[in-house]
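Remarks on the structure that follows.
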Amino acid sequence: MKKYILLSTTIVSGMLFAAPAIAQQSTGADEAGIQDIVVTAQRRDENLQKAAVAVSVVSGDALTRAGVSTAQDLTKLVPALQLSSVGGGGTQVTIRGVGNFAGNAFAEPAVAVNMDGVYLARSSGPNGLYYDLERVEVLKGPQGTLYGRNATAGAINIIARKPQREFGGQGSFEYGNFNKWRGELALNLPVTDYAALRVAGVISRHDGYYKDGYNDDKTEAVRAQLLLDSGGSVTVLLAGDYSHVGGQGPTGVVALTKTGFTVSDPYVGPSLDGSNAILTGVSNFLTSGANPNLLPKFKNDGFIDIANWGISATINYDLGGAQLTVIPAYRNSKSHYLHYNAGFPVRSDEYSEATSVEARLASTDKGAALQWLLGAYYFHEAIDFDLRPFQGVAYGVTQPILGTRSLAAFGQLTYSVADNVRLTGGLRYTDEKKDMDGQLGNGPGPGFPVAFVPLTGKISDSSVTWKAGIEFDVAPASMLYANVGTGFKAGGFFASQAPNTSRPEKITAYTIGSKNRFFGNTLQLNAEGFYWKYKDKQVTHIGPIRPGGFNLITENAGAAEIYGAEVELLWQPTNADRLSANAQYLHSKYNSFVYTQTILTGPAQTACAITPIAGQPAVSVDCSGRVLPRAPKWTVNLSYQHSFDIGSAGGVDAQVGTRIESETVLGEEYLAGQYQKGYTLSNASLTWHDADNRYYVSAYVDNIEDETVKTMSFVQPVVGLPLTALGAPRTYGVRAGFKF
């Protein structure tokens, strides 16, 4: 804590003394220099530079230039953010080391992902949404007041481009190595004087990055929005979307050391790289040579078949001095998959239906001393899934039906105690109930009889989360702020008879920061210091279950502290030059981290201290004092763009960027193969556009170094070797686009 206070005080004191001397009087978007960005991170429109919260924003154009087509691609743009694919097409999201392993449908995220204000509960929910976007907002730290449950690490807001009452459209086509092609098209149609329709879609394909076909892409998606606005007090936006993701899906390869794999080229793939020889050797050892196929082999028959769709309405009613916003929504998800990411085949069929309604009443007089927002939220989800993992030594069948009902009431006030000083306070009460019914079975293998036992449970939790903050305008273009807030992630079930639940995890975060514009609106410098106190962390891993055996379980495993600083620099010295730099320093440590690991499959698989548990085929694992997974000490993003004016022929934009990341560990077993050494990933692009910016052609290359980067890890429970997912190798191609 002392280190955090010293670090934060140094950062903010430097801003405080520098800002009055060089801050400019205006930062209007109509002036030369850096343009303002409007965000809705605090559930109302506001200038990003005036929002006293830690948030990074990526515009739709920046997403296109960076080739962002999946949720995982966001990692290369936001240093605090780590995303990776997990088995079955799900996404593991982590902000500053806080996140969770979304190994199956029992898991709920620790980062709330929202599409135009609608919460996406499933880890596969963001699939197929990254097209025709206005921006993506990444809120860092707990969002317990305005976003509620499952936002302990933060929130990601995906904002689509909205309909306009004018005819127009845009489209793009991309072709690259790995036989990649991607086409996007969006049309904007004025229906009547008070109605407008926007329809957008995408089709994306590429071959697998692995030689056995895995990590491919087969995505189709469409989104339609109808805006009804007669110019009166009521506006209505109706939206519907559908996406389908197919292909073989992600995979994992065996990693033996921090830098080594089973073969020289890890992209050979697990069904070809010699891993099957390891499984055969262990099978022979366990059966004294009687059954070399005891442990199932890696095959190239893995697949994902995910269909998500939803409908929603955003209704705004201007009451004069206040605006009422109501967002009813329905989401439907069907997910079928077979993957080998765990080191053995996992087959699942999942069905989810979620209904939500959010209502907010907010003040609209921006000149008033008191700004306020009150709201209520209802969420219900029903999940029915059939999960069948087969480790060879055991075959499991999990068939639960899960129900979640969450109710919340919240409010946030900001009061100007002086012309340049504002105080903020927020409070949220959440009441949550969950239930589970179904059955749990085990047997010798697929096709053989399975012995079932009942799978039941109930959870009833309530939580009060809050926020307090202060803002101080040091100068017209410089602001200091300090916040303290709390958040919680809901408790949940795992596949076992009672006890089969985990408690909610909680976090308290302290933030102090500064936002500034200097030198005639050409230099933007934002800085943030943070300290997070984390307790009752939910850990998901292979562990003992009741009435016997082992499975993927979730348990609460202690406390952690995280502190550090992030600095964002944007410099636009001329209209032709733009330099951006974002650096994050992160210190993380488990103060207390003890969890249970099964030894039914063999010796404990961890580098941490272990203690046998009397009378049980399990050990207590103590990883206290270790760093948090997926929390590199240093992360730096750098980018430079120069524009060449070629007159009536248009212009050429040259861009180069890089991401530098220090060593990190990907799993809570802390085995050697779960570490990712420090690396640098660079990219470059060259884009021609016409004089009216209606057409462009671009050539690009990503991962210039052709670096192999581990992104996720899971330890095979019998063999005891970690399997790691890998990021994309070097990719390159061309893009062309138009708008009218």
Side-chain angles (χ1 to χ4, degrees), residues 60 63-64 67-74 83-93 102 105 109 112-136 156-163 170-174 180-187 197-206 215-226 237-250 303-313 329-337 339 348-356 381 383 385:
L63 293 168
T64 300
V68 173
S69 58
T70 68
Q72 295 79 22
D73 293 333
L74 286 176
L83 299 101
S84 63
S85 297
V86 294
T91 301
Q92 182 178 355
V93 188
V113 180
N114 306 281
M115 178 68 201
D116 284 334
V118 177
Y119 174 61
L120 307 178
R122 297 292 94 212
S123 67
S124 63
N127 289 336
L129 296 179
Y130 287 84
Y131 63 97
D132 194 37
L133 297 182
E134 181 179 314
R135 67 184 182 276
V136 173
I156 298 175
N157 294 334
I158 306 168
I159 313 296
R161 290 191 175 100
K162 301 300 185 290
Q170 60 191 75
S172 65
F173 182 81
E174 176 181 347
K180 177 176 182 176
W181 62 270
R182 176 184 174 89
E184 293 187 31
L185 181 64
L187 294 175
L197 175 68
R198 187 175 185 90
V199 179
V202 63
I203 300 177
S204 182
R205 297 285 189 274
H206 71 68
N215 272 41
D216 57 345
D217 179 29
K218 292 184 179 180
T219 300
E220 307 91 29
V222 63
R223 180 188 304 124
Q225 301 173 88
L226 178 64
L237 178 67
L238 303 175
D241 67 271
Y242 171 83
S243 66
H244 178 265
V245 180
Q248 287 187 233
F303 69 90
I304 56 175
D305 180 7
I306 301 171
N308 294 324
W309 65 273
I311 54 175
S312 66
Y330 170 82
R331 302 294 305 177
N332 184 290
S333 177
K334 296 179 181 179
S335 180
H336 311 281
Y337 59 79
H339 73 80
S348 184
D349 300 285
E350 303 174 4
Y351 305 88
S352 166
E353 291 185 291
T355 304
S356 64
E381 183 182 27
I383 306 173
F385 72 99

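Remember, it's a predicted structure, so these values are computed and weren't measured experimentally.
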Quick one: does Val136's side chain get under 4.5 Å of Ile159's, heavy atoms only?
-> no
Give a yes or no on whether a salt bridge exists between Arg205 and Glu174, defined as a side-chain N under 4.0 angstrom from a carboxylate O.
-> no
Lys218, NZ atom: more than 12 neighbouring heavy atoms under 6.0 Å | no
Looking only at heavy atoms, the pair that brings Ala221 and Gly128 closest together is CB-O, 3.3 Å
Does a donor on one side chain sit under 3.5 Å from an acceptor on the other, for Asn127 and His244?
-> no
Do Tyr337 and Glu350 come within less than 4.5 Å of each other through their side chains, counting heavy atoms only?
-> yes
Nearest 0.5 Å, what's the CG-CZ distance between Asp349 and Phe385?
-> 11.0 Å
Do His206 and Thr219 touch side chain to side chain, with heavy atoms closer than 4.5 Å?
-> no
Should Val202 and Asp132 count as side-chain neighbours, where that means a heavy-atom distance under 4.5 Å?
-> no
With the side chain counted from C-beta on, respond yes when Thr64 and Glu184 share a heavy-atom pair under 4.5 Å apart, and no when they do not.
-> no
On the 0 to 90° scale, with breaks at 30° and 60°, tag the Trp181-Phe173 ring pair as parallel, tilted or perpendicular.
-> parallel
In sequence, state the C-alpha distance, the side-chain angles, and the governing distance for Gln225 and Lys162, and then conclude on side-chain contact (heavy atoms from CB on, under 4.5 Å).
-> CA-CA 7 Å; Gln225 301 173 88; Lys162 301 300 185 290; 3.3 Å; yes
Just checking, any donor-acceptor pair under 3.5 angstrom between side chains of Gln72 and Thr91?
-> yes
Which value, rounded to the nearest 0.5 Å, describes the distance between Ile306 atom CD1 and Ser123 atom OG?
-> 8.0 Å
Side-chain touch Leu237/Pro163, heavy atoms, less than 4.5 angstrom | yes
Starting at CG of Asn114, measure out to CD1 of Ile156 and round the result to the nearest 0.5 Å.
-> 9.5 Å
Residues Leu133 and Ala160: closest non-hydrogen pair is CD2-CA, 4.0 Å
Do Val93 and Pro109 touch side chain to side chain, with heavy atoms closer than 4.5 Å?
-> no
Are Arg161 and Tyr131 close enough that some pair of their side-chain heavy atoms sits under 4.5 Å apart?
-> no
Shortest non-hydrogen contact between Pro250 and Gly87, atoms and distance = CG-CA, 4.4 Å
Without swapping roles, check the side chain of Arg223 against the backbone of Leu129 for a donor-acceptor pair under 3.5 Å.
-> yes
Pair Asp217 + Lys180, salt bridge at N-O below 4.0 Å = no
Ile203 atom CD1: more than 12 heavy-atom contacts under 6.0 Å = no
Using distance alone, with no hydrogens and no angle criterion, decide if Glu381 and Ser352 have a side-chain donor and acceptor under 3.5 Å apart.
-> yes
Asn308 (side chain) donor-acceptor with Ser124 (main chain) under 3.5 angstrom | yes
Looking only at heavy atoms, the pair that brings Tyr242 and Ala307 closest together is OH-CB, 4.1 Å
Nearest heavy-atom pair of Tyr119 and Arg331: which atoms, and what distance?
-> O-CG, 4.5 Å
Can you tell me if Arg122 uses its side chain to pair, donor with acceptor, with the backbone of Ala105 under 3.5 Å?
-> yes
With no hydrogens and no angle check, is any side-chain donor or acceptor of Asp216 less than 3.5 Å from a backbone partner on Gly249?
-> yes
Hey, is the main chain of His336 close enough, under 3.5 Å, to the side chain of Asp305 for a donor-acceptor pair?
-> no
What is the distance from atom CG of Leu187 to atom CD of Gln170, rounded to the nearest 0.5 Å?
-> 9.5 Å
Would you kindly say whether Glu353 and Tyr330 are connected by a side-chain donor-acceptor distance under 3.5 Å?
-> yes
Tightest non-hydrogen contact, residues Gly88 and His339, listed as N-CD2, 3.5 Å
